[in-house]
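Beneath this line is the structure, given in structure tokens, with notes to follow.
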Amino acid sequence: LSGPGDPAAPIPSEPTPPLPGRPVPTVFFASDYGLHDEFVGVVHAVLQRRVPGLRVVDLVHDLAPFDVRMAAFLLARAVVHLGPGTVLAVVDPGVGGPRRGVALSVAGAGPSWFVGPDNGLLVAAAERAGGIAAAFELTPPHRAGSAGPVSFDGRDLFAPVVAALCGGTPVERLGGRIDPASLIRVAPPVDERRGSPDGGTRLRAEVLWVDRFGNLKLASSAEAAGEGAAPLGRRVEGRVERGSPGTFDLRRVRAFDDLTGDELGLMADADGHLAVVGRQRSAAAALGIDVGDIIELSW
Amino acid sequence: LSGPGDPAAPIPSEPTPPLPGRPVPTVFFASDYGLHDEFVGVVHAVLQRRVPGLRVVDLVHDLAPFDVRMAAFLLARAVVHLGPGTVLAVVDPGVGGPRRGVALSVAGAGPSWFVGPDNGLLVAAAERAGGIAAAFELTPPHRAGSAGPVSFDGRDLFAPVVAALCGGTPVERLGGRIDPASLIRVAPPVDERRGSPDGGTRLRAEVLWVDRFGNLKLASSAEAAGEGAAPLGRRVEGRVERGSPGTFDLRRVRAFDDLTGDELGLMADADGHLAVVGRQRSAAAALGIDVGDIIELSW
Amino acid sequence: LSGPGDPAAPIPSEPTPPLPGRPVPTVFFASDYGLHDEFVGVVHAVLQRRVPGLRVVDLVHDLAPFDVRMAAFLLARAVVHLGPGTVLAVVDPGVGGPRRGVALSVAGAGPSWFVGPDNGLLVAAAERAGGIAAAFELTPPHRAGSAGPVSFDGRDLFAPVVAALCGGTPVERLGGRIDPASLIRVAPPVDERRGSPDGGTRLRAEVLWVDRFGNLKLASSAEAAGEGAAPLGRRVEGRVERGSPGTFDLRRVRAFDDLTGDELGLMADADGHLAVVGRQRSAAAALGIDVGDIIELSW
């Protein structure tokens with residue numbers, strides 16, 4: 001494996017419009033930048049300036065600041081809906097420090113490049129999208145001798161690299177090949193299931209996400225948890241193991257609409273995860289449960 | 001009228017790029033999905049994947065969760081500014097239940113299709129855009145025998161239908177024709193005006209919207225309320241009829257800038273509604289009035 | 001200098017698609033409209049309807065309502081990242097009043113037109129983008145005798161003007177030439193530096209922005225403040241001069257990652273400003289400092 005790419009060959013900054021007849025490049029952009037500042041807009045502008053006509057699909061920008069792990073889980077579940085293009089993802093508490101910037105090449109029907117920090121954000125999504133065919137460590141402009149800014153690599157490193165890849169620059173000009181096995185990974189979510197002596201099932205699961213409506217997405221796959229084990233209508237007992245202590249009752253349902261009044265339910269959500277939900281009310285608020293909590297369910 | 005479309009003919013999922021020379025399809029997307037999650041981004045990705053090059057105009061995604069009625073009023077007032085294209089609107093508390101998904105065909109200079117749940121969200125906007133020429137009940141993939149997700153029809157049913165319509169799929173392949181008179185409608189807003197014995201005017205109006213600046217949009221048309229009846233400068237007495245009790249004074253003005261200090265005003269807003277406003281301050285916060293409240297004004 | 005443009009020649013409203021072979025026009029859109037309402041979406045729709053295929057880059061819409069001055073500083077620092085196109089910026093507390101709407105022509109590698117209210121919002125950005133070559137006062141439709149709305153010039157005046165410029169309408173049809181020296185300017189930010197008797201440095205600086213992560217952007221240029229004067233590792237004493245009283249300690253660092261635990265730092269941010277920052281924590285919350293406060297730093 002070679003080291004970082006040639007610092008004498010900086011990322012091209014001239015506009016490189018797509019060749020006629022080639023499809024318009026699409027960038028899927030996810031970050032914890034939020035929309036309070038101009039960060040997202042400036043990254044769009046940098047991309048547009050370098051590859052006029054490029055399209056950006058903003059996946060999400062309200063990722064919790066600095067929470068690489070939950071962002072990685074989100075990317076991994078969203079990636080199956082993305083078509084051809086490049087994923088640009090930035091949750092980057094270590095920006096300006098020694099962490100590497102990387103571009104991951106993926107062979108599949110979806111995105112073919114994943115660009116961002118090497119902190120665990122990209123790996124699970126890239127693997128789910130088809131597997132990492134090759135990985136490259138990007139040459140940060142500010143390591144190449146310049147005294148430029150070190151706190152906005154989304155604008156100064158990752159967006160230029162994405163634009164260069166969209167414009168056809170060979171990746172070897174942007175960085176050096178590294179061993180995919182050297183990529184940082186996040187700790188997997190808590191997700192355990194075991195039978196109980198009385199023939200029932202006990203599930204320990206981490207809360208991976210609380211959505212706008214207050215639904216709690218669990219780490220457990222609904223399929224693995226089994227329709228049979230918790231058939232529709234079955235009562236499910238819940239207990240908070242990590243978080244504000246408490247117990248609660250759920251009913252196994254197929255859709256929000258199967259619940260009545262203040263009842264809470266356990267259902268398969270749109271990503272195939274088990275989720276704790278209410279009917280036009282927030283399960284998170286009702287139970288005082290938050291991202292990262294661990295709950296135990298038994299039926 | 002026929003029933004739902006042929007379940008054996010699923011929504012086309014192959015990319016169908018616009019034909020050369022045909023205008024690029026435009027989708028106007030409104031929802032209560034918010035921007036906290038990846039919901040909006042994934043719908044964009046699904047649309048882009050199926051019709052590469054399609055454009056999406058995000059009208060609004062911060063609609064109050066589950067509030068179909070206020071969302072319907074918003075769509076109806078925004079629709080006059082939209083050009084040719086397709087409206088994709090999702091406020092859908094009944095997702096996964098028996099409510100129908102529909103596509104409404106409209107003849108006018110603006111959008112020609114309105115796609116979303118049959119819960120009252122679309123009808124007023126479609127009528128204002130030119131009238132409903134035909135209505136179709138969409139065939140949900142999850143009713144066609146599959147065990148797929150039932151909680152994200154924006155991604156799994158409506159976006160694919162919008163993409164198919166944009167790509168030229170005949171609507172008959174997507175659903176069965178239904179009677180437009182069978183479509184669900186929301187209750188009209190409270191908006192009453194009557195003369196008082198002393199020659200004055202009394203108005204009862206529902207608050208349809210509170211905007212970012214705290215302006216209260218009333219159900220009453222400014223034109224119908226009459227410039228003559230409440231000429232500029234006229235003092236207007238207000239009373240909260242439904243909401244936190246209270247009375248207040250307004251001055252009839254033409255623009256925010258006509259107000260001074262803490263004064264509150266009554267003016268014609270940009271949609272032609274009467275609105276209660278402040279000058280660089282929130283009338284909603286000053287008066288403790290919220291969406292759905294009813295106020296009485298007299299002058 | 002002539003007066004406003006010919007009111008008998010309204011802004012063209014017919015769609016004017018870009019000529020074949022001409023680049024697709026790009027609009028950089030910044031406002032205090034927020035994303036709670038449909039304001040931003042409707043402006044997009046108006047632009048798209050008049051110039052099908054036009055691209056909009058949303059720079060930022062969460063600017064503090066009515067705060068023209070801080071918005072002007074943001075535009076001036078973001079503008080260097082924008083490519084060719086038109087800036088549409090709206091923070092407009094005086095809408096409907098006597099303030100002028102303007103279009104500023106700029107010669108440079110970035111945006112060539114800046115369109116918005118004449119209240120100080122545009123001038124610094126236009127000057128930084130290459131200088132104001134010519135200025136035009138726009139003819140508001142509602143001054144041209146119509147009784148139309150006066151509270152949404154972003155939709156009714158500025159967007160149509162931007163679309164007309166993108167579509168090739170000569171600016172003389174849109175307004176009359178005015179003296180750039182007559183344009184309103186915002187008061188410059190507080191930014192003073194002086195040596196102290198003991199060889200140290202004392203800096204008085206206004207807080208221009210608090211970003212999503214709680215970093216405090218100061219008016220002072222990091223370069224002007226001098227690496228030599230505050231070398232990396234140097235301890236810096238801080239005092240709030242305007243705002244909630246308090247003193248604090250900072251360490252001069254190069255990157256967030258150089259800080260440990262609860263320590264706060266002073267670093268050059270991505271725009272070349274001095275910034276008070278934490279490591280994965282909000283300096284603003286830790287210090288109780290907000291936009292517009294003035295702090296004094298000495299080392």
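So that the names make sense, note that chain A is the first sequence line, chain B the second, and so on, each numbered from 1. Just so it is clear, the model here is predicted, and its values are computed rather than measured.
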message: Need one label for C/Q48: side chain, backbone, both or neither, based on atoms under 4.5 Å from any heavy atom in chain B.
response: side chain
task: Report the distance from atom CD of C/E38 to atom CG of B/D211, rounding to the nearest 0.5 Å.
output: 9.0 Å
query: Does any heavy atom of chain C fall under 4.5 Å from the side chain of B/R55, the backbone, both, or neither of them?
result: side chain
message: Closer than 3.5 angstrom, by distance alone: can the side chain of C/D37 be matched with the main-chain N or O of B/R212 as a donor-acceptor pair?
response: yes
- prompt: Nearest heavy-atom pair of C/P149 and B/A270: which atoms, and what distance?
  reply: CB-CA, 3.7 Å
task: Output every pair passing side-chain hydrogen bond (donor to acceptor under 3.5 Å, both in side chains) with a member in residues 25-35 of chain B, not counting sequence neighbours, ordered by first then second residue.
output: B/S31-B/H61
- prompt: At a heavy-atom separation under 4.5 Å, does B/V210 approach chain C through its side chain, its backbone, both, or neither?
  reply: backbone
Neighbours of chain C found in residues 69-79 of chain B - heavy atoms under 4.5 Å: B/L74, B/R77, B/A78
message: Using only atom types and a distance under 3.5 Å, with no angle test, would you say the side chain of C/H36 pairs donor to acceptor with the backbone of B/F213?
response: no
Minimal non-hydrogen separation, C/A45 against B/L82, with atom names: CB-CD2, 3.5 Å
query: Contact part of B/A64 toward chain C, heavy-atom cut-off under 4.5 Å: side chain, backbone, both or neither?
result: neither
query: Among C/V56, C/V40, C/D62, C/V46, who wins on heavy-atom pairs under 4.5 Å with chain B?
result: C/D62
- prompt: Between B/Q280 and C/P93, which heavy-atom pair has the shortest distance, and what is it?
  reply: NE2-CB, 3.1 Å
message: For a quick test of reading the model, state the closest non-hydrogen atom pair linking C/G96 to B/A255 and the distance between them.
response: O-CB, 3.8 Å
- prompt: What part of C/D92 lies closer than 4.5 angstrom to a heavy atom of chain B: side chain, backbone, both or neither?
  reply: neither
task: For the residue pair C/H44 and B/F28, establish whether any side-chain heavy-atom pair is separated by less than 4.5 Å.
output: no
field: Euclidean distance, C/S151 OG relative to B/D257 CG, rounded to 0.5 Å
entry: 12.0 Å
query: Given side chains that start at C-beta, do those of C/L35 and B/V60 come closer than 4.5 Å, heavy atoms only?
result: no
